[in-house]
Amino acid sequence: MPDTPILEVSGLVAAYGAIRALHGIDLSLMPGEVVAVLGANGAGKTTLLRCLSGLLKPVDGRIVFDGDDIAGKPAEGLVARGISHVPQGRMVFPGLSVRENLIVGGWTRDRAATAQGIDRACTYFPRLAERMDQQAGTLSGGEQQMLAVARGLMSQPRLLMLDEPSMGVAPVIKAVIFDALADIARDEGVTMLIVEQDAELALDLADRGYVLETGSLAVQGPAEALLVDDALRRAYLGG
Ligand SMILES: Nc1ncnc2c1ncn2[C@@H]1O[C@H](COP(=O)(O)OP(=O)(O)OP(=O)(O)O)[C@@H](O)[C@H]1O
Ligand SMILES: [Mg+2]
């Protein structure tokens, strides 16, 4: 593994008005690594991803992606540079078909790459292949989440960030989504940052993890170590 991180975050501070949500986060990802971000509701996980994908301008700190400081840069440009963010809560376009949602996800790519991307989505998610012309709003919740993940892959990201991909999804679909993510990480070397409430599921996939507690990093380490760490328990039980 090369020894230059693809993403290096230092001293990241974010706020909503006067209220600080992140108090100086340091985090780094090596190319090809899968890293989990865990923590209780309101810990700042979504805020962190929003800063990294350019949806929220940080108050302070550096976000170096592929050698450039991207803190505060607009989201559109970051997609073209290789950062993809699958937001929390299945944000598909309900009035568009499955195929159209995928095409929108591939807006930075040419026609050939888009066609390839749709084929790849069908391979990872056969259920979507059967529903290409169905309106996304009529898909089941789990199918919408698969579509959200598949759409996030359409830009051929080098860094894929996922915000609670298992939220509200039945166990069988959770398994389909996490199996696909494992294949994509292994076969394509896509670097991933995965926010999850289901710590076991995330740490099973991830190489390393970070635990956020009220806007600060409480603990970090290899996935196997975190699975048995008391701090992780505390972060979830709030004690
Ligand atoms: N748009 C906003 N305006 C004001 N405060 C916000 C806004 N979004 C988030 N916050 C606050 O910032 C803090 C962190 O929120 P964030 O959504 O990042 O948490 P989270 O870890 O993703 O939680 P969850 O697990 O519930 O998704 C919370 O205290 C939240 O109330
Ligand atoms: Mg969140």
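Order of appearance sets the numbers: ligands from 1, and atoms from 1 within every ligand. Residue numbers count from 1 along this sequence.
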### Message
Just by distance, no angles: are the side chains of Gln88 and Thr46 close enough, under 3.5 Å, to form a donor-acceptor pair?
### Response
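A donor-acceptor contact under 3.5 Å links the two side chains.
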### Query
For residues Asp26 and Ser10, is any side-chain donor paired with an opposing acceptor at under 3.5 Å?
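There is no such pair between these side chains.
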Could you list the donor-acceptor pairs under 3.5 angstrom formed between side-chain atoms of residues 63-70 and any protein atom two or more places apart in sequence or on another chain?
unit_1, atom_1, unit_2, atom_2, d
Asp66, OD2, Arg158, NH1, 2.8
Asp66, OD2, Arg158, NH2, 3.1
Asp68, OD2, Arg81, NH1, 3.2
Asp69, OD1, Ile63, N, 3.3
Asp69, OD1, Ala71, N, 3.1

Output a table of donor-acceptor pairs, distance under 3.5 Å, between side-chain atoms of residues 165-175 and any protein atom two or more places apart or on a different chain; print 'none' if there are none.
unit_1, atom_1, unit_2, atom_2, d
Ser166, OG, Glu196, OE1, 3.0
Ser166, OG, Glu196, OE2, 2.9
Lys174, NZ, Asp198, OD2, 3.0

#### Entry: Heavy-atom protein neighbour under 4.0 angstrom from atom 2 (C) of ligand 1
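When distances to the protein are checked, atom 2 (C) of ligand 1 has a heavy atom within 4.0 Å.
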### Message
Any protein heavy atom at under 4.0 Å, with atom 17 (O) of ligand 1 as the reference point?
### Response
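Neighbour list for atom 17 (O) of ligand 1 includes protein heavy atoms (cut-off 4.0 Å).
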Which residue supplies the protein heavy atom nearest to [atom], what is that atom called, and how far is it?
atom                    : value
atom 25 (O) of ligand 1 : Lys45 NZ, 2.7 Å
atom 6 (C) of ligand 1  : Tyr16 CD1, 3.2 Å
atom 23 (O) of ligand 1 : Gly42 N, 2.8 Å

### Query
Do any N/O atoms on Gly39 end up under 3.5 angstrom from N/O atoms on ligand 1?
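Min N/O separation from ligand 1 is not below 3.5 Å for Gly39.
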Below 4.0 angstrom from a heavy atom of [X], which ligand 1 atoms are there? Numbered from 1 as shown, please.
X      : answer
Ala40  : 21 (O)
Thr47  : 14 (C), 15 (O), 16 (P), 18 (O)
Thr46  : 17 (O), 18 (O), 20 (P), 22 (O), 27 (O)
Gln197 : 25 (O)
Asn41  : 23 (O), 24 (P), 25 (O), 26 (O)
Glu164 : 25 (O), 27 (O)
Gln88  : 27 (O)
Ala21  : 12 (O)

### Query
side chain to side chain contact (heavy atoms under 4.5 Å, CB included) between Val86 and Met161: does it pass, once the steps are laid out?
CA-CA 6 Å; Val86 179; Met161 303 195 291; over 6 Å; no
### Query
Is Leu55 reachable from Ile83 through a run of I, L, V, M, F, W or Y residues, each pair having side-chain heavy atoms under 4.5 Å apart?
no
### Task
Salt-bridge test for Glu188 and Arg120: reply yes if a basic N is under 4.0 Å from a carboxylate O, no otherwise.
yes
For residues 214-224, tabulate all N or O donor-acceptor pairs below 3.5 Å that involve a side-chain atom, not counting sequence neighbours.
none

When rounded to the nearest 0.5 angstrom, what is the spacing between [atom1] in [X] and [atom2] in [Y]?
X      : Y      : atom1 : atom2 : result
Arg127 : Gln134 : CZ    : CD    : 11.0 Å
His85  : Leu193 : NE2   : CG    : 9.5 Å
Leu52  : Leu12  : CG    : CG    : 6.5 Å
Thr47  : Arg20  : OG1   : CZ    : 13.0 Å

#### Entry: Near the Mg ion (ligand 2) (under 2.8 Å) - protein N, O or S atoms
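You should have found Thr46 OG1, Gln88 OE1.
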### Task
Please name the pair of heavy atoms, one in Gly44 and one in Leu22, separated by the smallest distance, quoted to 0.1 Å.
O-CD2, 3.6 Å
